[in-house]
Amino acid sequence: MKSHKAPKGLFVGVDVGGTKVAVLVVDAGYQVCGYTNVATLLDGPQKTLAGIAGAIRRGVELAGASMSDVSAVGLGVPGRVDPKTGLVRQAVNLGWEELQAGEMLSAQLGVPCLLENDVRLAALGVQRHLGTASSQNMAYVSIGTGIAAGLVLNGRIYRGAHGMAGEIGHMIVDPNGPLCLCGAHGCLEALAAGPAIARLGEEAAKAEGDTLLRNYLPMTAKAVYEAATAGDAAARAIVRQVSRYLALALQHLIVTYDVERIVLGGGVARDRDAFLQPILTELERLWQDSMLAGETLQPDMIGLLPLDYDAGTWGAVVLASGSLARVHPPLPEIREGGEELQSIYVI
């Protein structure tokens, strides 16, 4: 990502993940000044926070600036976050529980640090940066190690009464299904997230009959989609089953929140057409069977996040800039392949 000499008044967007910390630095006009990503340190909360602070300082340094040039930092964290206080109630992948991360990072860096759930910020980044700004009601759905949705309703992040809005990974789609980590049986996450797909692949590889899945070790969701693309019957059956569950979840999102657009991302979605087309096929079946679904579901309302677009950091930039509730200069619009387009909207 290109950089240019940074002026005063920078905003920093940070996407904190279980494996890496990505840092994006922009100026007041949302021009990119610097970018970096580093491995997440998981040797305890203090070291993790120190690693995040170090990554932020490095990103600002690459922008040719110092922390005194930064107005604010926005961070997306995987877990339950209180955005008013910066308290992370629980972030399993980071090993955090009841951690005042916002306050602690602000003290380390000397600038305001604002926190929000990572998938919600990714939804905001998608809505304000991918030509979907005309869709004031949309969802970003991440399918990876877990499954979650970030909702933007009436142009604003929607959290729900207890911060649980969008937790579709724990929507029960098969009461007789496997046990989920949350304690319930048959959650979407236990049936259609990356580890669940890998588990199904392992079971198919051990079963009788010929299958390409025996050639994949260790088994991954990517391996299942590759085998399905190659025509393997067992892998294709798994993909059909997973796609059916995901299609049901997307239909529930559309019918419940009446969103205009859904963008799919996350590690499993990186398999692109092999991932998306079976879901669209299942949705088409729903459209044909239900008059209500036919009225609300449209073929072009579901798409994939471009591979080269970091929705999390851009959403965190919006949080840092304090523009969640005010008009701001439009972000540069991105299409598949990373081309910048002339922006035609203002939020």
Pairs flagged by salt bridge (Lys or Arg N to Asp or Glu O under 4.0 Å) wherever residues 215-231 is involved - sequence neighbours left out: Lys222-Glu226, Lys222-Asp271
Holding to side chain to side chain donor-acceptor pair (under 3.5 Å), I want the full list of residues that pass it with [X], two or more places apart in sequence or in another chain.
X: Arg240; answer: none
X: Arg214; answer: none
X: Asp232; answer: Thr211
X: Asp82; answer: Thr85

Who passes side-chain contact (heavy atoms from CB on, under 4.5 Å) against [X], sequence neighbours left out?
X: Ile172; answer: Pro175, Ala184, Cys187
X: Ala55; answer: Val21, Val23, Val38
X: Glu97; answer: none
X: Ala316; answer: Leu121

Would you say that [X] contacts [Y] through its side chain, given a criterion of any heavy-atom pair below 4.5 Å between the two side chains?
X: Val16; Y: Ile52; result: yes
X: Val26; Y: Cys33; result: no
X: Leu124; Y: Arg128; result: yes

Quick check: does any side chain N or O of Tyr225 sit under 3.5 Å from a backbone N or O of Arg236, one acting as donor and the other as acceptor? no
Would you say Glu260's side chain and Gln136's backbone share a donor-acceptor pair under 3.5 angstrom? yes
Give me each pair satisfying side chain to side chain donor-acceptor pair (under 3.5 Å) with a member in residues 108-118, each pair once, sequence neighbours excluded. Glu116-Arg159
I need the full list of side chain to side chain donor-acceptor pair (under 3.5 Å) pairs touching residues 47-58, with sequence neighbours left out, sorted by first then second residue. Arg58-Glu61
CA sep, side-chain torsions, deciding dist, call: Leu283, Ile302, side-chain contact (heavy atoms from CB on, under 4.5 Å): CA-CA 10 Å; Leu283 283 170; Ile302 297 173; 3.1 Å; yes
Check against side-chain contact (heavy atoms from CB on, under 4.5 Å), Arg199 and Met219: CA-CA 8 Å; Arg199 185 194 71 245; Met219 185 65 65; over 6 Å; no
Identify whether Leu41 and Trp96 are in the same connected component of the hydrophobic contact network (ILVMFWY, side-chain heavy atoms under 4.5 Å).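 Per the 4.5 Å side-chain linkage, Leu41 and Trp96 are not co-clustered.
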In terms of hydrophobic clusters joined by side-chain contacts under 4.5 Å, are Met301 and Ile262 together? yes
Distance-only criterion, 3.5 Å: show the donor-acceptor pairs between side-chain atoms of residues 139-152 and protein atoms not counting sequence neighbours.
none

Going by atom types alone, do Thr313 and Tyr35 pair a side-chain donor with an acceptor below 3.5 Å?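 No.
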